[in-house]
2 protein chains.
Amino acid sequence: MDPNTVGFAKHDHDHCISDAITAADRMCRDAGLQLTPVRKRALSILLEEHRALGAYDVLARLSEEGFGAQPPVAYRALDFLTKHGLAHKIERLNAFIACAHPNELHTPAFLICTTCHAVAEAETDPSHSLLSQIAETTGFTIARAVLEAEGTCPNCREKADK
Amino acid sequence: MDPNTVGFAKHDHDHCISDAITAADRMCRDAGLQLTPVRKRALSILLEEHRALGAYDVLARLSEEGFGAQPPVAYRALDFLTKHGLAHKIERLNAFIACAHPNELHTPAFLICTTCHAVAEAETDPSHSLLSQIAETTGFTIARAVLEAEGTCPNCREKADK
DNA sequence: CGCTTGATGTAATAACATAACGTTTGAGGC
DNA sequence: GCCTCAAACGTTATGTTATTACATCAAGCG
């Protein structure tokens with residue numbers, strides 16, 4: 001298999017899937033969570049595609065493989081994954097993506113390329129963020145933040161410039 | 001009419017509606033845009049409610065008043081308003097809200113109270129933002145940013161503390 | 001007038017998400 | 001071992017959000 005693109009850079013894709021699954025296994029064991037077959041498969045589907053996938057896309061794959069065929073099957077697996085930081089929902093796209101930096105506690109920020117539809121997850125330092133500054137001055141307590149930018153990724157920009 | 005709450009602070013609500021409509025009128029005239037009856041009414045509905053409203057909520061109000069009753073009626077009006085900065089879509093809520101700072105060119109940030117459902121729009125300086133820093137280091141060109149935080153507003157926090 | 005463009009209206013359908021309920025399964029107490 | 005409970009899973013049905021496709025109408029303009 002050829003190296004694939006993740007975010008906007010190339011990398012060895014096979015490795016990152018198995019690594020991520022292994023890490024998820026360990027994390028769930030340590031936390032006393034059940035990474036059941038559906039949940040694990042949903043995660044691996046997101047990892048294989050390595051892009052934002054709609055719940056129904058995941059559902060289709062799951063049902064092909066003998067799991068339930070109704071929406072709650074996908075939504076429940078995705079809820080579990082997002083709740084425990086193994087995946088994220090991209091609100092702008094109503095779609096889900098495997099977390100690129102599991103383990104670390106983070107407020108992810110996403111860069112969404114409107115040309116090639118790649119999505120990159122960037123790490124942020126929550127305490128320095130704009131939102132936390134705003135929150136501080138207004139007395140608002142943040143429980144969860146959504147940071148998403150749409151635009152053109154370096155690869156597509158380069159192509160467009162030609 | 002009693003002063004109402006906007007964002008998390010009190011203010012004179014009647015005034016802000018008429019002011020906002022006047023400003024929108026002028027802005028559209030200057031820009032050669034048509035602030036047609038449906039569009040103007042959609043804006044005033046958002047202003048009156050002063051909270052995030054679903055497209056179908058707006059549609060219901062519009063159709064009661066003799067405008068079309070099908071979803072595109074609302075979506076088209078809301079698209080116009082958001083496209084020209086008179087309203088914003090809150091992605092997390094799949095809902096729309098009148099812009100609190102029209103005229104100014106801005107990347108709005110929203111603070112969403114999960115208790116009382118108030119939504120405050122905060123101004124940001126795009127150039128200092130986290131996202132633009134990330135974008136700069138990765139070569140990504142941002143066209144549009146979504147900044148939304150969910151949590152507890154000062155008012156609800158105060159009540160909860162009692 | 002005849003053409004184009006943008007706004008509006010409708011019907012139909014697509015895409016996204018949840019409620020409600022029954023069954024299965026596995027861990028822990030007895 | 002066996003009972004009980006809670007969590008996970010499956011299904012049906014439904015609710016919510018959004019778009020496609022196409023007809024009509026009015027304004028601007030050669």
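Reminder, nothing fancy here: chain letters follow the sequence lines and each chain counts from 1.
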* Structure fact -> Taken to the nearest whole Å, CD/A/Gln34 to P/D/dA6 is 15 Å

* **Atom pair distance, as rounded to whole Å: CG in A/Leu33 and C1' in D/dA6** => 15 Å

* Asked: B/Lys40 NZ to C/dA7 P: how many Å, rounded?
  -> 16 Å

* CG of A/Leu35 versus P of C/dG26: gap in Å, rounded? -> 16 Å

* To do: Please state how far atom CG in B/Leu62 lies from atom P in C/dA7, giving the value in whole angstrom units.
  => 16 Å

* Structure fact -> In B/Lys40, B/Met27, B/Arg39, the residue satisfying side chain to side chain contact (heavy atoms under 4.5 Å, CB included) with B/Leu86 is B/Met27

* To do: Name the closest nucleotide to the A/Pro71 side chain, picking from C/dA7, C/dA17, D/dA18.
  => C/dA17

* Quick one: A/Asp57 CG to C/dA14 P, roughly how many Å, whole number? -> 16 Å

* To do: Please figure out whether B/Val38 or B/Gln70 has its closest DNA chain C nucleotide nearer the 5' end.
  => B/Val38

* Specify the residue among B/Asn94 and B/Gly68 whose closest nucleotide of DNA chain C lies further upstream toward the 5′ end. => B/Gly68

* A/Lys89 side-chain N/O to C/dA17 phosphate OP1/OP2 under 4.0 Å -> yes

* Proximal nucleotide (of D/dT11, C/dA11, C/dT8) relative to the A/Val73 side chain -> D/dT11

* Asked: Heavy atoms under 4.0 Å, any strand shown: does B/Tyr56 hit a base, just sugar-phosphate, or nothing?
  -> base

* Non-hydrogen atoms of B/Phe96 and B/Leu46 that approach each other most closely -> O-CD2, 3.7 Å

* Rounded distance [0.5 Å steps], SG in A/Cys28 versus CG in A/Leu81 -> 8.0 Å

* Spacing of CD belonging to A/Glu148 relative to CZ belonging to A/Arg92, to within rounding of 0.5 Å -> 8.5 Å

* Asked: In whole angstroms, how far is the P atom of D/dT17 from the CD atom of A/Glu91?
  -> 13 Å

* Structure fact -> From OH of B/Tyr75 across to P of D/dA21 the rounded distance in Å is 18 Å

* To do: Quick one: label A/Arg76 by what it contacts on the DNA or RNA (base, sugar-phosphate, nothing), any heavy atom closer than 4.0 Å.
  => base

* If Ile, Leu, Val, Met, Phe, Trp and Tyr residues are connected whenever their side-chain heavy atoms lie under 4.5 Å apart, and connections chain through other members, are B/Leu147 and A/Leu111 in the same group? -> yes

